[in-house]
Each structure stands twice: as C-alpha cells, then as structure tokens.
Amino acid sequence: MADFQLFVLDPIQRLRPTKDSSVALMQAAQRAGQEVWVATPADLSVVGRDSGQEPLVRAQPITLAAIRPTADGWELPEPWCTLGEPTWLSLTHFPRVWMRKDPPVDEAFLYATHLLDLAVLKGVRVLNAPAAQRTWNEKLGALRYSHLMAPTLVSAQVEQLAAFAAEQGDVVLKPLGGRAGQGVVRTAAGAPGLRALLELVTQQQTLPVMAQAFLPAVTAGDKRILLVDGEPLGAINRRPAAGEFRSNLAVGGAAEATELSPRERQICAELAPALRSEGLFFVGIDVIDGRLSEINVTSPTGVREVERLGGVPLADLTMERLLAG
C-alpha cells in the first residue's frame with residue numbers, strides 16, 4: 001500500500017506548475033509510489049479531548065500529469081492535475097508533511113506551524129520542521145554565519161543605517177519579511193533623499209531592515225544552491241536583467257547552469273550540521289561572489305531550473321533521500 005504525503009501550500013490554482021518547486025516535489029513523490037494530498041494552512045485544525053489532542057486537516061488527493069522539459073521550457077499538459085474531494089483526516093494519516101506555504105511569515109503562517117508542531121508530537125515528520133521555520137528568518141538566520149556574509153547591519157534607526165551607508169558607500173536594503181527580491185532597494189551614502197528612504201523602509205523607525213554592502217559581482221550572478229539534508233544536490237546561477245541589480249527569477253533574472261566553487265562547498269559544509277540538527281531538510285541558500293546572502297527555509301525554489309538546465313533529477317533525489325530516512 002502506498003504511503004501518504006501531504007503538502008501544505010498556497011491554493012493549488014495559484015501555483016505555476018512549470019516553475020513551482022512544490023509541484024516538482026509532488027510529482028517526484030507520486031513517481032516514488034506515494035499518494036499525494038494537498039491542503040492550505042487554513043485547512044489545519046486541532047481537537048482537544050480528555051484523551052488528548054488530535055491534529056486534523058481537510059485535505060484533497062491530487063493526481064499530477066507528467067510535465068516534461070523542452071529546449072526552451074516545459075511541456076505543460078492540460079489539465080496538469082486532478083483533485084479529489086476534500087476529506088477531514090488526522091494528520092497522523094500522513095507520515096510526512098511538507099509545509100511549503102510561500103511567505104510572508106504572517107500570523108496565519110505562524111499559527112499553522114504551531115498546529116503542525118502538534119502533529120510532530122504525534123510522530124509526523126514535517127518538512128521543514130515547524131519550529132525551525134519560525135526561528136530561521138530567511139534574512140536574519142544567515143547572521144548566525146555573519147563571517148560568511150558581506151558587511152551587514154539590521155536596525156530600525158535611521159542614524160545608524162545612514163552611518164552604515166556612509167561607511168560602506170553602496171548598500172542594499174532588504175525588508176526582513178520579503179521574498180523573491182520584492183522591496184529590495186539599492187542606495188548610496190550620497191544619494192538624494194537617503195534619510196527619507198530610510199524613514200520609509202523602517203516605517204518611521206519602527207521596523208528593522210537589513211542593510212548590506214552592495215557586491216558589484218552580483219552582475220555576474222547570484223547562485224541559488226539547494227541543500228537536501230545538508231548536502232548540496234543542485235544549483236543555478238541567476239543573472240540580473242539589464243539595468244537591474246536583483247537577480248531573483250521572479251523579477252526578471254535569468255537562470256544559468258552552474259557548478260559549485262570550493263568556497264561555495266565550504267559554505268554548505270559549514271551550514272550542514274545546524275540544518276540537519278534543526279530539521280531543515282530542504283533549504284535554498286543564496287551566495288554572491290562567495291558570500292552567503294540568505295538561507296531560505298519556507299518554500300525554497302529552483303528545482304525546475306536545476307532539472308532543466310543541469311540535467312539533475314533533483315526532485316527525485318530529494319524524495320529518494322526522504323523515503324530512505
């Protein structure tokens with residue numbers, strides 16, 4: 001009898017099947033003989049009784065069609081998936097649950113991780129671990145390894161941020177809750193209106209932001225490296241579009257095949273023990289010119305690009321490791 005895997009994610013209608021790593025992972029689970037189900041965070045619940053608590057989910061079985069690579073993209077069948085009827089089940093029905101809801105990490109996201117914590121207590125394996133998804137902010141988590149990063153400051157104070165910009169000359173400002181390059185701006189110490197910009201991004205000095213020294217080498221690309229159980233299994237280089245400094249694919253960056261440098265392998269090796277010990281099974285890190293930029297733990301992307309450009313069956317390798325564990 002097939003095992004069951006549950007994917008907790010955004011509504012299936014919002015997913016882009018030729019881009020979304022969650023779809024690639026669901027297809028790999030299906031190829032591995034798993035029965036795949038889907039739900040959103042709003043479908044999670046828990047019932048408390050005298051006999052104890054029972055975490056529940058209203059989930060739908062999903063059957064996915066094959067999506068094959070072509071010379072310039074993917075061949076997408078229509079329909080690419082078929083959904084069954086929603087059914088209330090105990091979360092313990094699923095030995096493995098993927099939590100891959102896209103940021104923002106808002107109240108709904110956080111409450112979902114708390115509900116999934118209760119499933120963990122019942123023996124369910126949640127990927128990535130709910131507690132780690134709360135504690136490893138995708139910007140701030142990297143600061144555990146600040147010696148691997150470009151000079152960085154996190155602050156809500158305009159004077160402190162302005163002084164950092166003066167020290168570094170050219171800086172990038174990142175919202176701590178952003179994703180896919182959204183809200184990231186580049187500025188300089190002498191830029192007109194710098195203080196007004198800092199007031200804006202900090203919401204009048206009430207919200208901290210991350211300021212990092214700008215790395216000019218980003219024009220040659222920003223590597224997304226995907227680690228499975230601490231081991232780098234695939235990577236792509238993301239090159240910014242003309243006139244743009246952000247390399248994220250969602251804002252027009254172009255994906256290229258790439259290999260890992262010794263420095264990048266060193267970064268992965270340094271991160272691996274903590275990722276494994278804290279239950280971060282599937283992680284995407286960003287590296288620019290040998291400097292760690294971010295550690296993405298909520299719903300890392302890049303699987304489709306690694307598979308098409310690098311010829312690495314990354315989703316299948318991921319599922320193979322998961323089912324062997």
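Each residue takes its place number in the sequence, starting with 1.
Counting all heavy atoms, side chain and backbone alike, Val38 lies closest to Leu83 at CG2-CD2, 3.8 Å.
The cationic atom of Arg125 (NZ for Lys, CZ for Arg) does not lie both less than 6.0 Å from the six-membered ring centre of Trp98 and within 45° of the ring axis. The side-chain tip of Arg68 does not point at the ring of Trp74 from less than 6.0 angstrom away and within 45° of straight on. With a 6.0 Å cutoff to the six-membered ring centre and a 45° limit on the axis angle, Arg100 does not count as a cation-pi contact of Phe7. In this structure, Arg134 is not positioned above the aromatic face of Phe109 in the sense of NZ or CZ being under 6.0 Å from the six-membered ring centre and within 45° of the axis.
No donor-acceptor pair under 3.5 Å is formed between the side chain of Glu270 and the backbone N or O of Ile267.
For the residue pair Lys101 / Thr40, no side-chain donor-acceptor distance below 3.5 Å is found, with atom types taken as modelled. Side-chain contact check for Thr70 and Glu75: no donor-acceptor pair (N or O, by modelled atom type) lies under 3.5 Å. For the residue pair Lys174 / Thr152, no side-chain donor-acceptor distance below 3.5 Å is found, with atom types taken as modelled. Side-chain contact check for Gln60 and Trp37: no donor-acceptor pair (N or O, by modelled atom type) lies under 3.5 Å. For the residue pair Gln160/Ser155, the side-chain donor-acceptor check at 3.5 Å is satisfied.
The aromatic rings of Phe4 and Phe94 lie perpendicular to each other, with more than 60° between the two planes, well past the 30° mark.
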Worked check of salt bridge (charged side-chain N to carboxylate O under 4.0 Å, His left out) between Arg321 and Asp229: CA-CA 8 Å; Arg321 293 195 176 219; Asp229 199 24; 5.7 Å; no
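Within the 4.5 Å cutoff, the side chain of Leu91 has no heavy atoms near those of the Lys122 side chain. Side-chain contact between Val97 and Val8 is present, with heavy atoms from C-beta onward closer than 4.5 Å.
Between Asp286 and Lys223 there is no salt bridge, since no side-chain N of the basic residue sits under 4.0 Å from a carboxylate O of the acidic one. Between Glu305 and Arg238, none of the side-chain N atoms (NZ, or NE/NH1/NH2) sits under 4.0 Å from a carboxylate O, so this pair counts as no salt bridge.
Applying side chain to side chain contact (heavy atoms under 4.5 Å, CB included) to Leu173 and the options Thr202, Val184, Thr187 leaves one that passes, Thr187.
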